[in-house]
Chemist: 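Take this structure, written in structure tokens, and hold onto it; I'll ask about it next.
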Amino acid sequence: MRRLDDVIPAPVSVTPADGADFTITADTRVQAGPGAAEVAAFLGLPLSEDGVVRFALGGDGPDESYELDITAGGVAVTAPAPAGLFNAVQTIKQLRGDDGTLPGGRIADRPRFAYRGVMLDVARHFFTVDEVKAYIDAIVAFKINHLHLHLSDDQGWRLEIAGWPRLTEVSGQSGTGVDGEGPGFYTGDHYTELVRYAAERFVTIVPEIDMPGHVNAAQFAYPSLTADGQPIAQRTDTEVGYSSLVAGSETTYAFVEDVIREVAALTPGPFLHIGGDEAQATAAEDYRTFMTRVLPLVGKYGKRAVGWHEMAAVDLPDTAVPQFWRTEAADEGTARAVASGSQVIMSPADRTYLDMKYDPDFRLGLDWAGCVELDRAYDWDPADRLPGVPEHALLGVEAALWSETLRSLADVQTMTFPRLPAIAEIGWSPRSARDWQSFRRRVATYAPRWQEAGIAFHRTPTVDWV
Ligand code: IFG
């Protein structure tokens, strides 16, 4: 039997009611009010006009908020928008015991941050449409609402660009990826299908084309993008910081504008990520020249630019979003961007990088930011992380899963679970509702769901598994 406070992320308010448990049986039907049927169907119960599990749009508050009342006679879900109803479905699915019983009481819930994301690196190792869909199914259980796809890097280019076909014909084929193991790319139709599938589950896709660094795959496909126009070697190792687009070449900006235009046209979401990290092979002045010319292109094609926080070396459009990713205690550029109105996505590697080993001997992952066990992923707060970046400047948080060492969906799942639920709770729950002992207990309670679904997860020693 589940408890009303078993939910991850922890809801804003939980009021148990004794003797008000409700048991879902084969006869239980769902009554969906106007505009609620599509989302109510995610509960997996038949719809009927006289159903006692009722979904209704109504009330005020943010789109993702909801109210859930469980009584002996039935269940009532109210939300101002379908996204809130969907979040209520996730909560109900977590509360449902093996015998179908829901603990009685009332939950009123809403997110702390609007942006709660996870990044999947499909460039170092490629993951298929079906694998990404399976990943989406697993992350929405924790009310994650953004999936950032890292589509290009030194080792591979993973989204077909009609105007530059060799990007995938050459750098999306076999022999690409780390150790040459990762053939594969998304056609426009594949990407559109991922966007549709994600949107149906209230997940916004955030595409990333990393530049001016991390471009060896693009330059291997098109030598005209290099400084001397000569062919370069393909790279399948895991070194970073050695490649750069040419800031003084008009070919660079023709390429960048074509790519941004096509990616923006394929992306209904508001964000387009232009990377900007680890540009050690780009002179500081050239980096500023490049960013100053490229950032306006994102706006020209109707998107808000997101970029790794190094892009804050230039004056940003106030709609641009620096994503802080490193381990330093402070970052002057990010604080300056906030002072001139930017919002920040917080992804400190020493807490949110899911490619960090859980422990020094862990078979997967890297350790440059230190090991990140579950307690370390949980025990921090984005509002305290950087001087000059307070709560009101935060768009939200994002966990990043780089795939240099990950070769299967099971590897991706093992690094993601149970640490992503920790980041999800930080992104959703009030700080006052967070408690490590409660969280680790709730992870143990949830784990059988991963087992039932065949989702790999790490049995971290920080949890008393049932
Ligand atoms: N830093 C690089 C990634 C990846 C990562 C692995 C960022 C923004 C180290 N850039 O993180 O490409 O190699 O942990």
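Remember, it's 1-based here, ligands and their atoms both numbered in the order they're listed.
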Chemist: When only distance counts, is Tyr353 in polar contact with ligand 1, meaning an N/O pair under 3.5 Å?
Modeler: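 Between Tyr353 and ligand 1 (N or O atoms, distance only) the closest approach is under 3.5 Å.
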
Chemist: For Tyr222, what residues pass the ring-ring contact (aromatic ring centres under 6.0 Å, His included) criterion, not counting sequence neighbours?
Modeler: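 In terms of ring-ring contact (aromatic ring centres under 6.0 Å, His included), with neighbours along the sequence ignored, Tyr222 is linked to Trp164.
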
Chemist: Is it the case that atom CG in Asp258 sees more than 12 heavy atoms from other parts of the structure closer than 6.0 Å?
Modeler: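 Counting other residues, nucleotides and ligands, CG of Asp258 exceeds 12 neighbours.
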
Chemist: Quick one: does His150 get a heavy atom under 4.0 Å from ligand 1?
Modeler: no

Chemist: For Ala424, give me all partners under side-chain contact (heavy atoms from CB on, under 4.5 Å), at least two apart in sequence or on another chain.
Modeler: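 Partners of Ala424 by the side-chain contact (heavy atoms from CB on, under 4.5 Å) criterion, ordered by chain and then number, come out as Phe142, Ile144.
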
Chemist: Going from CZ on Arg434 to OG on Ser429, what distance comes out if it is rounded to the nearest 0.5 angstrom?
Modeler: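 That separation rounds to 7.5 Å.
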
Chemist: Run down the list Gln155, Glu310, Glu278 and name the one with the heavy atom closest to atom 2 (C) of ligand 1.
Modeler: Glu278

Chemist: Side chains of Tyr191 and Thr267: do they bring a donor and an acceptor to under 3.5 Å?
Modeler: yes

Chemist: Do Asp355 and ligand 1 have an N or O pair less than 3.5 Å apart?
Modeler: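 Yes, Asp355 has an N/O under 3.5 Å of an N/O on ligand 1.
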
Chemist: For ligand 1, find out whether one of its N or O atoms is nearer than 3.5 Å to an N or O atom of Trp368.
Modeler: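 By distance alone, the answer is yes.
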
Chemist: Heavy-atom contact check, 4.0 Å cutoff: does Gln323 meet ligand 1?
Modeler: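 Flag not set, Gln323 not near ligand 1.
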
Chemist: If you measure from each heavy atom of Arg326 to ligand 1, is any distance below 4.0 Å?
Modeler: no

